[in-house]
K.L.:
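Dropping a structure here in structure tokens format, bear with me for questions.
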Amino acid sequence: MIACKIKSSQNALAGEGNTYTPEWVYDLNDKLPAHIDKDTSIESVELLNQCRKKLLDSVAKESVSASVIQFYLCNWGFMESVVWTKANKGWRIDKKSKTSKNNSAIAAEENSVKEIKGSVEQEDVNMETEDSTLLVPNKEEEEEEEEKWPIEVVELLQNACKYYWLSCLGFEYSFPKPNKPYMFPEMSRNDLTSLVELLASRQSLYTSYDFILSEILLCLDKDAVFLRVRSLKAIGKISSQVPEILEEGRVRVSVIQRVHDPSPSVRDAAVETIAKYLSKQLDISPELYELVGGRIMDTSVAVRKRLVRLLRELYFKFTDIEVKKDIASKLIMRIGDNEETISQQSLKATQEILFLPFKEIEKDGNDYFGYTYANAPKDRKRRINNLTSIIVGAVAKLDSSLSTQNIALSQIVQKTVDGLDEKSRGWYERIFQWIIDSLFDRMILLDEEDNTAEFINCLATDDWTKASYVLMIYRDVLPQMKYHDRDTIDLLERILMQLLTKCPLDMTSIGASCLCAIVSQISHRYNILIKILGSCVTKLRQVREAIRQGTVSKSIFSGVLKMILLCGLLCQHFEFDKRREEKPAAMSALDLVYKGEIGTLIFDLLHFFTEDVINELGEQGMVLRMTALQGLGYFYSSNPIFMVSESSTTLMDRIFQEGSASLKTQLMRVFQEFMGAEEKRINKRQEDDKKEEEEEKKTDNNKILANTEEYAELGVSGSLMQRYLPKILECALCEFADLRYAAFEVVSSVIHRALAHPVLCMPAVIAAETSPDVILRTKAYYMHKYAHDKYGLMLYGQMNECISTSFQYQKVLFGNKIQGYGKRGGDSKVESVLSLTYSFLKGHKKIKFDFFQALVRPFTFELKLTSPEDVDIAYLKYLAENIMMMDYSTTSEVLAVYDDAA
């Protein structure tokens, strides 16, 4: 606070930092000496005295408390006495050499002083007579110091000291008259405040700013976390008043270094400091933005939360479109944050920066034929196109995983629309219509410039990622709009059909889902999907027959992988059998593909390509099996009964028993996608039930039968997890990172959807909390937090198994080099690897002591009766190191461990 006050005061007096400074203050600040020494002119010292006298007289006129005047007199008197003592060292007092003029002055002063009674009177008399003597050079001091203070300055300081001293005692004494009186303006109270600040700036404390700042910066390199945090907060307070402090090289570099500090609290303080600085800036350097923007994935909740607020604020300060896209992408990415508050803040910020700017377009007050994009003038179209390009570009900058991007965009659209009133929903539908029209306008332009084939080639190469986000917007937004242009929909269908034939595999999913959404909900041209399905089925039948007969050639596999995926995707997003039953005339062409159930046909085809016979094709066979398993995952999402068929369970058993890590990873993704799809079906069913309860209806036997069949499909996830959870937990603690991550996503879904008893999952969760992998450890922490908050102490019924599993996991990671401690905490300090688990338990006395007992119990065995083979020294060492490095907070915890050990 002191350094902040000093720096802001210095800027105010110098007229810097956009502060208003009166001319006379600026003039005095330039003329008054920062400190008085032998080189200071007497005019500067006189000017300083005049400023003090002016303030003193002004304070006296306001009839303020006498203590205020005494404070000024004592403060200034002490300062002058210190300077006078230093100045007087080079002179000695010669009482004999007095001029007649001095004799008469001294006599008059002595007469006035004689009226003062007491010891104080006599002391003052001595001072008066002694100080009235002439000063002559002190020869002894002269030998030590070659240069002396000017005699007139010494005498002026002496007289000033005399005035402050006698005034403090209540005596009248004339103020030393200046040679050049300064003409002060008529002063208001604000002017007096400026004068006070001006005089305070000449005190020794104010001249120590550089020293104070150096001490603050020195603390930034201390080992103690609290010192680094407090130092950053001090710099933050200074920068909030004086932002330009962060433009100083040494300060800027020191703060930037702390952004990457191992301690989350220090990183948070550093980001907060930079945020305060950036909030005061009109122009922000891209380098500084990159620095703070890169912390959006920080493991600290506080840092991520602060970054969300900062990025939302910075978005409107930048004019660079690419930077705007980058900020928007970072906020979109945090919508899926594990911390609910961050997720909500990110969604709100994303809506604010991506959609609310469209309101500015409406402020021109013109309707333009119902706000339609087609009838809008060029300027409005240009503004809509600019905002739309930011949305597309923002999603394009997300993680390269298309499923992640797909989920992110769906979340934005769905969460934005959910819960809106009629008026708000209508506004968003109009905005979505603008976005769609803008995107399509650009696609038509590209098509006119190059032709459709070149356009598809462009989508399939350099720009395919951006094209996929355009298709996501079409898929999620188009079905929610009330009116559609027929020509636009026809053109989009043609482009999508050509796209699916030439796009890379990664784009197949979004292209197929978009086409199915348009056909099933808008155009109803079912023959498009039937034609694509028929082509895929014909080709896959040919390949299957060639494999069975052993007449396989390279050419026969052309396009097979995409057709496998398309079969699964088409069945996932379009219900062929149900539509054929509802609209037999419109679906009559489906009989040319297969007259039986399409679901059974596709399942048999895809299942064939996952069988062991495919392994005989070598490396190409493995790719086929992986792709077929992925295709089955798509198929299972809308056909859950096939997931628990004998063929499927046999396949999954074989993969868990003999499959490679890549196959198991793909199976984990199938489980995850299937559970997500089933949750959507359950939510939809609940919404439908709620609507049915509000309506009066008659129930017939057919309805009951249909509902029974539908409800039977909703329990598949629970059955699967009951059967395969032990295998999934093994995968979650295996040595392959990709498989671990995929399995933990499944475990997270199991816990959040209550598909199995949470106690069964806790050993794997606690083991993962000991991982050196920050990402996995964070996932495990949030899983544990959710389960702990929901189920409480019932989670910890298998404490021994949890600790033992953590040891086995460490053994998988480190082999024989296992340690019960490491740098696992956010502050990167050495601590017990089980400290994260202990943080959940230490608030509950019983379970905390049960945890201590579980750590100590393996040490209690009879040494004489136990063979060496029965004692796992490595496990005991692991437990002992955890016990020693545990972060105990009370003596009772230490005593509990001691008692258990005893």
Side-chain angles (χ1 to χ4, degrees), residues 564 568 603-604 606-617 619 621-637 639-678 715-753 755-765 767-768 771 776 779-780 783 798 801 804-805 808-809 811-813:
I564 288 175
F603 175 73
D604 290 341
L606 296 180
H607 188 272
F608 170 79
F609 290 100
T610 63
E611 293 179 357
D612 292 337
V613 66
I614 305 299
N615 288 336
E616 298 176 3
L617 301 177
E619 185 177 346
M622 177 56 69
V623 175
L624 274 174
R625 291 191 72 185
M626 290 281 293
T627 307
L629 187 57
Q630 184 179 356
L632 276 176
Y634 295 142
F635 177 82
Y636 288 145
S637 295
N639 299 272
I641 295 300
F642 286 92
M643 187 78 167
V644 290
S645 65
E646 183 178 355
S647 299
S648 295
T649 54
T650 301
L651 170 65
M652 290 182 276
D653 290 339
R654 192 167 65 248
I655 291 175
F656 276 121
Q657 184 175 357
E658 304 171 358
S660 62
S662 57
L663 272 175
K664 291 179 182 178
T665 302
Q666 186 62 55
L667 182 58
M668 295 300 110
R669 291 170 182 159
V670 169
F671 283 149
Q672 178 67 13
E673 188 167 346
F674 179 78
M675 287 188 289
E678 186 171 77
V716 175
S717 289
S719 301
L720 279 174
M721 293 305 105
Q722 293 292 335
R723 176 168 182 161
Y724 292 114
L725 184 60
K727 297 292 185 182
I728 294 171
L729 294 174
E730 288 180 14
C731 293
L733 299 177
C734 72
E735 58 184 316
F736 304 103
D738 289 342
L739 180 54
R740 282 202 304 265
Y741 291 143
F744 255 94
E745 291 296 334
V746 178
V747 174
S748 178
S749 296
V750 170
I751 293 176
H752 282 84
R753 293 163 187 161
L755 298 177
H757 200 292
V759 174
L760 300 176
C761 302
M762 289 313 296
V765 173
S771 174
L776 186 62
K779 286 179 181 290
M783 271 192 267
Q798 300 179 354
E801 184 178 350
S804 175
T805 304
Q808 296 300 328
Y809 178 59
K811 199 170 182 179
V812 169
L813 296 178

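If you read the sequence from its start, that first residue is 1, and numbering goes on from there. Everything quoted here is computed from the prediction, not taken from an experiment.
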K.L.:
Between Glu745 and Tyr741, is there a side-chain donor-acceptor contact under 3.5 Å, judged purely by atom types and distance?
P.N.:
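Absent: no donor and acceptor within the cut-off.
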K.L.:
Measure from the side-chain N and O atoms of Tyr809 to the backbone N and O of Ala732, and report whether any donor-acceptor pair falls under 3.5 Å.
P.N.:
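Answer holds: no.
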K.L.:
Please state whether the rings of Phe642 and Phe603 are parallel, tilted or perpendicular, taking 30° and 60° as the class boundaries.
P.N.:
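Plane angle between 30° and 60°, so tilted.
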K.L.:
Testing the basics here: between Pro763 and Gln798, what is the closest heavy-atom pair and its distance to 0.1 Å?
P.N.:
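Reported closest heavy-atom pair: CG-OE1, 4.2 Å.
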K.L.:
Would you check if the side chain of Thr665 reaches a backbone N or O of Ala661 as a donor-acceptor pair within less than 3.5 Å?
P.N.:
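Yes, Thr665 side chain to Ala661 backbone: donor-acceptor pair under 3.5 Å.
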K.L.:
Quick one: does any side-chain atom of Ser771 pair with a main-chain N or O of Ala767 as donor and acceptor, under 3.5 Å?
P.N.:
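Side chain of Ser771 to backbone of Ala767, a donor-acceptor pair under 3.5 Å: no, none is there.
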K.L.:
Could you go through Arg723 and Asp653, starting from their C-alpha distance and side-chain angles, then the distance that decides it, and tell me whether this counts as side-chain contact (heavy atoms from CB on, under 4.5 Å)?
P.N.:
CA-CA 10 Å; Arg723 176 168 182 161; Asp653 290 339; 2.7 Å; yes
K.L.:
Quick one: OG on Ser645 to OH on Tyr636, what's the gap to the nearest 0.5 Å?
P.N.:
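It is 5.5 Å, given to the nearest 0.5 Å.
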K.L.:
Answer yes or no: does atom CD of Glu619 have more than 12 heavy-atom neighbours from other residues, nucleotides or ligands under 6.0 Å?
P.N.:
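Counting other residues, nucleotides and ligands, CD of Glu619 stays at 12 neighbours or fewer.
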K.L.:
Do Arg625 side-chain atoms and Thr610 backbone N/O form a donor-acceptor pair below 3.5 Å?
P.N.:
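Checked: pair present.
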K.L.:
Would you give the length of the straight line joining atom CG of Leu629 to atom NE2 of His607, rounded to the nearest 0.5 angstrom?
P.N.:
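Reported value, rounded in 0.5 Å steps: 10.0 Å.
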K.L.:
Do Met622 and Leu663 have side chains that approach each other closer than 4.5 Å (heavy atoms only, starting at C-beta)?
P.N.:
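Yes. Closest side-chain heavy atoms under 4.5 Å.
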K.L.:
Indicate the atoms forming the closest heavy-atom contact of Cys761 with Val750, along with that distance.
P.N.:
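Closest approach of Cys761 to Val750: SG-CG1, 4.2 Å.
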K.L.:
Please find the pair of heavy atoms, one from Met643 and one from Ser648, that lie closest to each other, and give the distance.
P.N.:
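In terms of heavy atoms, the two residues are closest at O-CB, 3.4 Å.
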K.L.:
Between atom OH of Tyr724 and atom CE of Met652, what is the distance when rounded to the nearest 0.5 Å?
P.N.:
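Taking OH in Tyr724 and CE in Met652, the distance rounds to 4.5 Å.
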K.L.:
Could you grab the distance from atom CD of Gln808 to atom CD of Glu801, nearest 0.5 Å is fine?
P.N.:
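Gln808 atom CD to Glu801 atom CD measures 11.0 Å (nearest 0.5 Å).
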K.L.:
Are Leu729 and Thr805 close enough that some pair of their side-chain heavy atoms sits under 4.5 Å apart?
P.N.:
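Leu729 vs Thr805: side chains apart.
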K.L.:
Could you tell me which residues satisfy side chain to side chain donor-acceptor pair (under 3.5 Å) with Asp738, sequence neighbours excluded, listed by chain and number?
P.N.:
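Once residues adjacent in sequence are excluded, Asp738 has no partner under the side chain to side chain donor-acceptor pair (under 3.5 Å) criterion.
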K.L.:
Checking Gln666 now: which residues fulfil side chain to side chain donor-acceptor pair (under 3.5 Å) with it, not counting sequence neighbours?
P.N.:
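Applying side chain to side chain donor-acceptor pair (under 3.5 Å) to Gln666 gives none.
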K.L.:
Could you please spell out the steps behind the side-chain contact (heavy atoms from CB on, under 4.5 Å) verdict for Gln630 and Ile564?
P.N.:
CA-CA 9 Å; Gln630 184 179 356; Ile564 288 175; over 6 Å; no
K.L.:
Could you walk me through whether Arg654 and Asp612 pass the side-chain contact (heavy atoms from CB on, under 4.5 Å) check?
P.N.:
CA-CA 9 Å; Arg654 192 167 65 248; Asp612 292 337; 3.1 Å; yes
K.L.:
What verdict does the side-chain hydrogen bond (donor to acceptor under 3.5 Å, both in side chains) test give for Ser660 and Ser662, after you've listed the backbone C-alpha separation in whole Å, the side-chain angles of each residue and the deciding distance to 0.1 Å?
P.N.:
CA-CA 5 Å; Ser660 62; Ser662 57; 3.0 Å; yes
K.L.:
Using modelled atom types and a 3.5 Å cut-off, is there a donor and acceptor pairing between side-chain atoms of Ser748 and backbone atoms of Phe744?
P.N.:
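Such a contact is absent between Ser748 side chain and Phe744 backbone.
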K.L.:
Any idea which heavy atoms bring Ile728 and Ala743 closest together, and the distance?
P.N.:
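Smallest heavy-atom distance, with atoms named: O-CB, 3.8 Å.
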K.L.:
Please report the interatomic distance CD1(Ile655) to CD(Gln657), rounded to the nearest 0.5 Å.
P.N.:
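Going from the CD1 atom of Ile655 to the CD atom of Gln657 covers 12.0 Å.
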K.L.:
OG/Ser749 to CE/Met675 distance, rounded to the nearest 0.5 angstrom?
P.N.:
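One gets 4.0 Å once the value is rounded to the nearest 0.5 Å.
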K.L.:
Mind checking whether Ile751 and Val765 have side chains closer than 4.5 Å, heavy atoms only?
P.N.:
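Yes - at least one pair of side-chain heavy atoms lies under 4.5 Å apart.
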K.L.:
To check you understand the geometry: which heavy-atom pair defines the closest contact between Cys731 and Lys664, and what is its length?
P.N.:
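Reported closest heavy-atom pair: SG-CD, 4.3 Å.
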K.L.:
For His752, enumerate each residue passing the ring-ring contact (aromatic ring centres under 6.0 Å, His included) test, keeping only those at least two apart in sequence or located in another chain.
P.N.:
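For His752 the ring-ring contact (aromatic ring centres under 6.0 Å, His included) partners, ignoring immediate neighbours, are Tyr786.
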K.L.:
Measure the shortest side-chain to side-chain distance between Leu733 and Arg740 over non-hydrogen atoms and say whether it is less than 4.5 angstrom.
P.N.:
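When only atoms from C-beta onward are counted, Arg740 and Leu733 do not touch, as no gap falls below 4.5 Å.
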K.L.:
How far apart are the closest heavy atoms of Gln722 and Ala756, and which atoms are they?
P.N.:
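In terms of heavy atoms, the two residues are closest at NE2-CA, 4.0 Å.
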